[in-house]
Amino acid sequence: MEQTENELIRLRRQKIRSLREEGIDPYPNDVRVGHTTGEIIERYGALDGEALGAVQEEFSIAGRMMAVRDFGKGAFIMVQDRKGRLQAFLRQNVLGEEAFRLFKRLDVGDIVFVAGRIFRTRTGELTIDASRFRLLSKAVRPLPEKWHGLTDVETRYRQRHLDLISNPRVVEIFKKRSRIISLIRRFMEERDFLEVETPMMQPKAGGAAARPFRTHHNALDMDLYLRIAPELYLKRLVTGGLERVFEINRNFRNEGVSTFHNPEFTMMEFYQAYATYEDLMVMTEELFAFLAREVLGTTELTYQGQTIDLTPPWRRLTVAEAVERFWGLDAETIADGEALIDFARRQGLEVPEGEGPGKVLMTLFEAREDRLVQPTFVTQYPLEVSPLARKNPADPRFTDRFELYICGREIANAFSELNDPEDQRQRFLMQLEERARGDEEAHEMDEDYIRVLEYAMPPTAGEGIGIDRLVMLFTDSPSIRDVILFPHLRRKEEG
RNA sequence: GGGACGUUAGCUCAGGCGGUAGAGCAGCGGACUUUUAAUCCGUUGGUCGCGGGUUCGAUUCCCGCACGUCCCA
């Protein structure tokens, strides 16, 4: 703990001591709270002073004292609870001298209880006329300033409780996040999907192209990886006959941190037997439109000044078509691997020796993917970057896969699943070659998973949707840290 | 990984081309029983992110580091 104590804190500790000496518990837990500020405002917010005068009921609320306007023998305070804020009027003659004297020693930031009848003040504000007042929890540390609130982003993330206390907009974002996840569950359950939980600690980190976090199980003396995706486990469940499953949970990727990347992030991944990636495109459109209508009341939204129209159907482009548009290339150049590599290098893009045409195509795509602002399904990803996806029957160099782009960012990734165990083995072998060439994100050989496919997995399609990015979109948040309560930050010594 | 910018009171911010710093809010003392950032009078509070260098003297100049923000890879 800190050695030199701030004057403000010292004084408040002194207050707590003197309260205790007088037999007042600064941290009691014997109070029954009857109402929230929100329900009182909802029921009586529209009534005029005369109508409120006829309301005999006494109301009780509890919450954080966010403002004090003191007039000597009377005072207005603002009480904030989970539903909002309500004003209370404390008067010495109504409250009694003892309770009023206690109030006089309290500070903004303390948790208090107020009970009394409601009325409307001269300026028209709905207010509790306090007949009872109690301290429920004494604050030692002062709150951020009331007018500007807390703006320092570092403190906002490191001390999220302060952010939540002083920035109502932040509370709204996380309420909306909770609502979105709840709606996703409802959407999936209505389509007969079963919610499941699969391992976060895996002996092999499979199911995606990413570097994992490593950990160790002491008793079993074995290395484990935090999962980069639940994919291979969910497909075991489909093989096991569950047919429609989904999981909303965390993935961990050992990568850089940015406004769109947090090392742990939330993904909704789902698998549907007897469906194709084309079915999932329709389902994705329906899900997003459903969420938008429920959360925003419309299928149009504004993200960082751009208007995004989520009304289905959405544009569909193959990767090759997208690259044609982005770079003004023709189909012949795209089909010619050598010409494509040559073009990419002339554009200043880095293409390692021996790189295949599929990866070069992806390099060109990714260099300009930020141009996909309106919702777009990008389909037909090259085989070499899609080791778990089914080949396109018409052109086996590509897979029946799509990624959803909105505002230039990947929001979802889906494909018709590869369920041919022989083909899967070949794909893993291809990945091992990539790994040998230095690609640390290439998939490992997974014999155990191939063995699962050998028991026959039904034809299936699966998809992962990045929940954090989705919430960013629906809350117009510029950074992923705005939608994660405790985003990853470097460690800092506490002073 | 590279670049730019930032870090000053509990909070929001000024400031200083080198002589150890200010405001508003909060706090403390006082007045005030219908305020809305209440008002009025008085007042306390700082290792100027950390470490080193230059200097008689560094919060200010230089170097390094930490943390953060944005941009680029």
Side-chain angles (χ1 to χ4, degrees), chain A residues 2-15 18 49 52-53 64-80 84-97 99-101 103-110 116-131 133 138-159 161-163 165-167 255-261 304 347-352 363 366-370 477-482 487-495:
Chain A
E2 47 195 72
Q3 300 209 306
T4 53
E5 203 163 72
N6 179 299
E7 180 72 7
L8 295 170
I9 293 172
R10 200 181 57 76
L11 278 165
R12 290 199 185 190
R13 289 199 203 280
Q14 228 167 55
K15 279 186 188 175
S18 70
L52 288 176
R64 195 177 296 276
M65 199 158 66
M66 294 301 289
V68 174
R69 292 183 281 274
D70 188 351
F71 290 87
K73 295 189 176 65
F76 289 97
I77 65 170
M78 195 56 87
V79 177
Q80 173 172 298
R85 292 174 165 209
L86 186 63
Q87 184 172 261
F89 189 30
L90 313 185
R91 289 183 285 179
Q92 193 180 53
N93 59 340
V94 176
L95 208 51
E97 280 201 24
F100 196 76
R101 207 169 53 237
F103 156 71
K104 286 289 224 175
R105 286 189 288 172
L106 300 191
D107 299 285
V108 168
D110 292 352
R117 289 174 56 184
I118 49 171
F119 75 109
R120 206 166 276 286
T121 63
R122 207 178 276 167
T123 50
E125 179 140 351
L126 185 65
T127 301
I128 291 191
D129 188 13
S131 57
F133 177 85
K138 183 77 196 77
V140 175
R141 292 176 186 273
L143 246 36
E145 185 231 16
K146 63 187 170 194
W147 184 239
H148 299 91
L150 182 65
T151 63
D152 180 77
V153 282
E154 191 172 352
T155 312
R156 284 187 47 222
Y157 298 145
R158 287 191 198 278
Q159 303 201 58
H161 52 287
L162 293 180
D163 193 26
I165 289 166
S166 48
N167 295 323
E255 299 168 345
V257 176
S258 78
T259 48
F260 276 83
H261 298 86
Q304 302 297 294
Q347 296 297 325
L349 296 170
E350 199 184 323
V351 181
T363 300
E366 283 164 6
R368 293 198 168 169
E369 64 187 15
D370 60 329
S477 297
S479 169
I480 198 167
R481 294 182 195 115
D482 295 327
H488 178 79
L489 295 173
R490 277 176 211 276
R491 198 176 152 199
K492 194 177 182 183
E493 296 304 319
E494 192 51 45

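All figures in this text were calculated on a predicted structure; none of them were measured in a lab.
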*With a 4.0 Å cut-off on heavy atoms, is A:Gly149 in touch with a base, just the backbone sugar-phosphate, or nothing at all?*
sugar-phosphate
Quick one: which protein N/O atoms are closer than 3.5 Å to N/O atoms of nucleotides 38-44 of chain B? Pair and distance per line, please.
| residue | atom | partner | partner atom | Å |
| --- | --- | --- | --- | --- |
| B:rA38 | OP1 | A:Lys146 | NZ | 2.3 |
| B:rA38 | OP2 | A:Arg69 | NH1 | 2.6 |
| B:rA38 | N6 | A:Asp70 | O | 2.7 |

*Counting only non-hydrogen atoms, which of residues 90-97 of chain A are less than 4.0 Å from RNA chain B?*
A:Arg91, A:Asn93
*Find the distance A:Asn6:CG to B:rC11:C1' and express it as a whole number of Å.*
12 Å
_Upstream residue (5' side of RNA chain B) when A:Asp152 and A:Arg105 are each assigned their closest nucleotide_ = A:Asp152
*Using atom types as modelled and distance alone, determine if a side-chain donor or acceptor of A:Asp110 lies under 3.5 Å from a backbone N or O of A:Ala139.*
yes
_Return a single string for nucleotides 67-73 of chain B, one symbol per nucleotide in 5' to 3' order, where B is base contact, S is sugar-phosphate-only contact and - is none, cutoff 4.0 angstrom on heavy atoms._
SSSS---
_Rounded to whole Å, how long is the line connecting atom CG of A:Leu106 with atom C1' of B:rG27?_
15 Å
*How many Å lie between CZ on A:Arg12 and C1' on B:rG27, as a whole number?*
8 Å
*Any A:Lys104 side-chain nitrogen or oxygen under 4.0 Å from OP1 or OP2 of B:rG29*: no
*Rounded to whole angstrom units, what separation is found between the CD atom of A:Glu145 and the P atom of B:rG27?*
12 Å
*asked:* According to side chain to side chain contact (heavy atoms under 4.5 Å, CB included), who are the partners of A:Thr121, at least two apart in sequence or on a separate chain?
replied: A:Phe76, A:Gln87, A:Phe119, A:Thr123, A:Glu125, A:Thr127
*Between A:Met65 and A:Phe103, what is the shortest heavy-atom contact and its length?*
SD-CE1, 4.2 Å
*asked:* Atom NZ of residue position A:Lys73 - does it have more than 12 heavy atoms of other residues, nucleotides or ligands inside 6.0 Å?
replied: no
_Set of side-chain hydrogen bond (donor to acceptor under 3.5 Å, both in side chains) partners for A:Asp152, sequence neighbours left out_ = A:Thr155
*Separation of the C1' atoms in B:rG46 and B:rA14, to the nearest angstrom*: 15 Å
*Taking atom C1' in both B:rG45 and B:rG22, what distance in whole Å separates the two?*
13 Å
*Contact class for A:Leu8 vs. all strands (heavy atom < 4.0 Å): base, sugar-phosphate, or nothing?*
base
_Measure CD1/A:Ile9 against P/B:rC28 and give the value in whole Å, please._
14 Å
_Just to verify, what does A:Tyr157 make a ring pair (Phe, Tyr, Trp, His ring centres under 6.0 Å) with, not counting sequence neighbours?_
none
*Nearest heavy-atom pair of A:Arg12 and A:Val140: which atoms, and what distance?*
CD-O, 3.1 Å
*Exercise: identify the closest heavy-atom pair between A:Leu150 and A:Arg156*: O-CD, 3.6 Å
*Can you tell me, in whole Å, how much space there is between the C1' of B:rC48 and that of B:rA21?*
8 Å
*Starting at atom CG of A:Leu126, determine the distance to atom P of B:rU34, rounded to an integer number of angstrom.*
19 Å
*Considering all heavy atoms, the nearest A:Met66-A:Leu143 contact*: SD-CD2, 4.0 Å
*If you look at every strand shown and take non-hydrogen atoms under 4.0 Å, does A:Phe119 touch a base, only sugar-phosphate, or nothing?*
base
*Return no unless some side-chain N or O of A:Thr151 is found under 4.0 Å from OP1 or OP2 of B:rC13.*
yes
